Asker: 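Got a structure here, written out as structure tokens. Questions coming.
Values below: every heavy atom of this structure, side chains too, minus hydrogens, waters and symmetry copies. Chain naming here is simple, since letters A, B, ... match the order of the sequence lines and numbering starts at 1 in each. None of the values given here were measured: they were computed from a predicted structure.
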Amino acid sequence: MKRKPAIPVTETARFGTGYETVNRFVGRRAVSPLALRINALMMPASVALTVLTILDVESDLRMWLALLVFCFGPGSALVQYFRLPDAAMQLGLIIAISTALSILLAQALLYFDRLDALIAVGVLTALTFLHPITRQNPRLKKEAEKQEAGA
Amino acid sequence: VSATTTTAVPEETTTAPVKTRRLRLSRVIGILLPVLLVIGGYASIDGADASESGPLGLIEVMNPAYFAFIGLLAVSFIWHMRSKTLDAFVLSMHIVALIFLFHGAVSWIEQVPRFPVVYTHVGLTEYIQRTGETLPTLDARMNWPGFFTTAALLDEVAGVDSIYPWLLWAPLVQNLFYAPLLFSITRTASTDVRVPWIALYLYFSLSWVGQDYFSPQALNFLFFLAFVAIVLRCFRTDRAALPRPIRRIGNGVGQIVGKVLRVPSFQPGGAPILATTTAQRALLVFALAVIYAASVMSHQLTPVFLLLFVTALVVLRRTVLRGFPLLMAVLFFSYISYGAIGYWSGHIDQMFGGFGQLGGIFKDNVGSKVEVESSHVYVIYARFLLAAGVWALTAWGLIRRLRAGRVDLALLVGFIVPFFVLGGQTYGGEVILRVFLMSLPFAAIFITFALLPTEKLKLNITRSVVFVLACTLLGPTFMLTRYGNEAFEYVSKNDYEGALELSRLAPSGSNMISIDGNVGNQLGRMEQFVFQTVPQKPGELLDYSAQHIYQTAVDAPGSQSFLLLSRSQIANIELTYGKPETFFQDLTSELLANPNFRLIYENPDARIFAIDTSTGVKSPEVEDE
């Protein structure tokens, strides 16, 4: 999926004799590339987990997929909206936001007395697909393009 | 919530210079060597038996070659740090190798997850998974159930009955998760690209507190780092004027410090913040709110640290999130008033009673720790010395940075704010550990400044040797401080199987008697049992006689009573109270000779006795109740 850049991107260059950095404008390009790649892996993983959960398959694969989706799924979609160029920040926030959303989801399901695997997987999968879905929405796409043109 | 910047937003920086992608021999070595060192380190400790740890902990059973690999890793790291262009991938490999060597090695040699308390967390998760609800009266931690609920939901989604199989490697995985966020925080410290790498290396070498097991605080430390990283990288301001009353004090202090250090003027020392648009900032504020809400629901202490941190930055005008502390306070007190009412309505004295009683807090956190009656006390002393050394070096780094004319107010706030929690409560004698942990990311930055206060200084031979020597010495020091409690924090497979057997054998309503609290016997069906530790009267000789254990069982309210004797309890008693090594065998013999005790299960590390309380008479105090 091709993305349009939103903000001017600079890279760091050194100057002088030391290791001091300055910002150097290098053009416009897509940001949050790491989140994009992780999300591309998480989307099929979340679909596979959904299928395994519906079929109630007991396997190590399901266990590892569950762990991956809880720790990386929703965050990999949401961090793309932040358009951060920093890979470390992207990776850290993907994990933190995924687990934070998992906690909020689990608490909400507990509150409504619906601590159910299928509902949880459904919500997490939907969140994992959030960014690609919203990018395809014509109205949101138009708004995003307008905003990008303004930026 | 105010999310608009008051100062011009500088452009973002990226990591190392671009010319690092070429395949060079040094790059290949830089990638392969850390992998080989980890393999070598793990191979050197492969035969180590954690159960043989003595009063000094795991260091007693470690192969000295393991520490040589740690030293070699430091040499390789500094070698690459001295190159003209820093290779981010190679340096990342070194950091990952360091995490594997320091925080994963113990999982390599242990068979089941360490820390008896982990098994209580497994039990709390099991309860939620089985019943689909929480029970705040079961355990105080159930008032902040976010972590356990998520673990239960994860079990459900994964299709497993227990979270237990995943826990052995939890410390390693959590530290790997912390690394990118710590890197983001350390990058805010300086425009010098060497600072974040060295600070990260120091952090993982100094992080001995060991709160990274399967626990709410481990996950909340991740939230703490994510929150701080967003605030410092996207919402920090360095050049806004201080509020008037603080400015007067600041100017006065600045003049005095300037005269003493002979520095004409000070400049903000941080790196530029990330460039963001209004929409991005709004989304990042939303992310902060999500992270904080998750933290509020899953841990008691972390939200307090975060609230204090952001409030202090707002007061000093070091962030543009001026209204955000209000939202945080609303979230925090709303949850306390609603979700945790079961706890605070009955423990208001416990929550706020210690406020301002620094003497009591010091006694609980320091004094009680050194009352150990064995050579294990040297581990406690080593921890205090290491913590004091870290704080002293932090002060030295701050002075070096000031002498270079740089002021890092936001980082200083991050370092100091955790100490304000000391005035609150003892937190079960653990508050100093948490303070050390929360301030360590900032302390690591200031210690790096002690080595490299400005970009203009080269990482010359002297500085490199100092770094390598310090990191090599930190290998055994880390092992002593972090795993010094191994004798009683280690849980053997037999320990675990004994506790598992007890939870299978005991019918609902039974008393689960133990002679020490250091026992992982709350694995499942927690609400169906009465857990009772044999009480000891303060100031009197410890009583572990069969008669005293029997009376405890008679006084307990359950229908039947079972005593679990396990290795972890015995080790704790031996190390803390100086009991002889024959204590386990002597006590077992005494119990076997007593007609009220019947041995129903036995393995090399655990014994289960059924106690016949039919002829017992309850104590007068229990009768009165």
Asker: Just how far is it from atom CG of B/L284 to atom CZ of A/R83, taken to the nearest 0.5 Å?
Answerer: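 It is 12.5 Å, given to the nearest 0.5 Å.
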Asker: Does any backbone or side-chain atom of A/D56 lie under 4.5 Å from a heavy atom of chain B? Answer side chain, backbone, both or neither.
Answerer: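 Contact with chain B involves no heavy atom of A/D56 at all.
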Asker: Please give me the minimum heavy-atom distance between A/M89 and B/C234, naming the atom from each residue.
Answerer: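 That would be CE-SG, 4.1 Å.
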Asker: Specify which of A/L109, A/T99, A/V121, A/I97 makes the most heavy-atom pairs with chain B at under 4.5 Å.
Answerer: A/T99
Asker: Quick one: what part of B/F177 sits under 4.5 Å from any heavy atom of chain A, side chain, backbone, both or neither?
Answerer: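 Answer is both: backbone and side chain atoms of B/F177 are under 4.5 Å from chain A.
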Asker: Could you give the distance from OG (A/S102) to CG (B/L219), rounded to the nearest 0.5 Å?
Answerer: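 Rounded to the nearest 0.5 Å, the OG-CG separation comes out at 9.5 Å.
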Asker: Among A/S59, A/A87, A/A66, which has the most heavy-atom pairs under 4.5 Å with chain B?
Answerer: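 Of the candidates given, the most pairs with chain B belong to A/A66.
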Asker: Counting only heavy atoms not in B/F286, do more than 12 sit closer than 6.0 Å to its CZ atom?
Answerer: no
Asker: Check the pair A/D86 / B/R187 against side chain to side chain contact (heavy atoms under 4.5 Å, CB included), numbers first and verdict last.
Answerer: CA-CA 10 Å; A/D86 181 340; B/R187 278 192 69 187; 3.0 Å; yes
Asker: With rounding to the nearest 0.5 Å, note down the distance linking CZ in A/F70 to CG in B/L154.
Answerer: 5.0 Å
Asker: Report which part of B/V290 has an atom under 4.5 Å of a heavy atom belonging to chain A: side chain, backbone, both, or neither.
Answerer: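 Answer is both: backbone and side chain atoms of B/V290 are under 4.5 Å from chain A.
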Asker: Do any of residues 124-133 of chain B have a heavy atom less than 4.5 Å from a heavy atom of chain A, and if so, which, in residue order?
Answerer: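 So far as heavy atoms go, B/I128, B/G132, B/E133 are the residues that approach chain A to under 4.5 Å.
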Asker: For A/L49, is it the side chain, the backbone, both, or neither that has a heavy atom closer than 4.5 Å to a heavy atom of chain B?
Answerer: side chain
Asker: Verify, without hydrogens or angle tests, whether A/R62 (side chain) and B/V157 (backbone) share a donor-acceptor contact under 3.5 angstrom.
Answerer: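 It does hold such a pair.
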Asker: Examine whether an atom of B/I230 lies under 4.5 Å from a heavy atom of chain A, and if so say whether it belongs to the side chain, the backbone or both; otherwise answer neither.
Answerer: both
Asker: Give, for atom CG of B/L153 and atom CG of A/L110, the distance between the pair rounded to the nearest 0.5 Å.
Answerer: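 Between B/L153 CG and A/L110 CG, I get 9.5 Å after rounding to 0.5 Å.
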Asker: Work out which heavy atom in B/G159 is nearest to a heavy atom in A/E58; give both atom names and the distance.
Answerer: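 Smallest interatomic distance, heavy atoms only, reads O-CG, 4.1 Å.
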Asker: Heavy-atom distance under 4.5 Å to chain A: side chain of B/T149, backbone, both or neither?
Answerer: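 Both parts, backbone and side chain.
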Asker: Among A/D60, A/D113, A/L61, A/I95, who wins on heavy-atom pairs under 4.5 Å with chain B?
Answerer: A/I95
Asker: Which atom pair, heavy atoms only, marks the closest approach of A/I103 to B/S298?
Answerer: CD1-OG, 3.9 Å
Asker: Would you mind checking which part of A/L67 comes under 4.5 Å of any heavy atom in chain B, side chain (CB onward), backbone (N, CA, C, O), both or neither?
Answerer: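 Both parts, heavy atoms under 4.5 Å.
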Asker: Might you point out which heavy atoms bring B/L222 and A/A96 nearest each other, and give the distance in Å?
Answerer: CD2-CA, 4.0 Å
Asker: Does any N or O in the side chain of B/E156 come within less than 3.5 Å of the main-chain N or O of A/A117, such that one atom is a donor and the other an acceptor?
Answerer: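 It does not hold such a pair.
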Asker: Any sub-3.5 Å donor-acceptor pair from A/Q107's side-chain atoms to B/M297's backbone N or O?
Answerer: no
Asker: Distance from B/T150 atom OG1 to A/L105 atom CG, nearest 0.5 Å?
Answerer: 8.0 Å
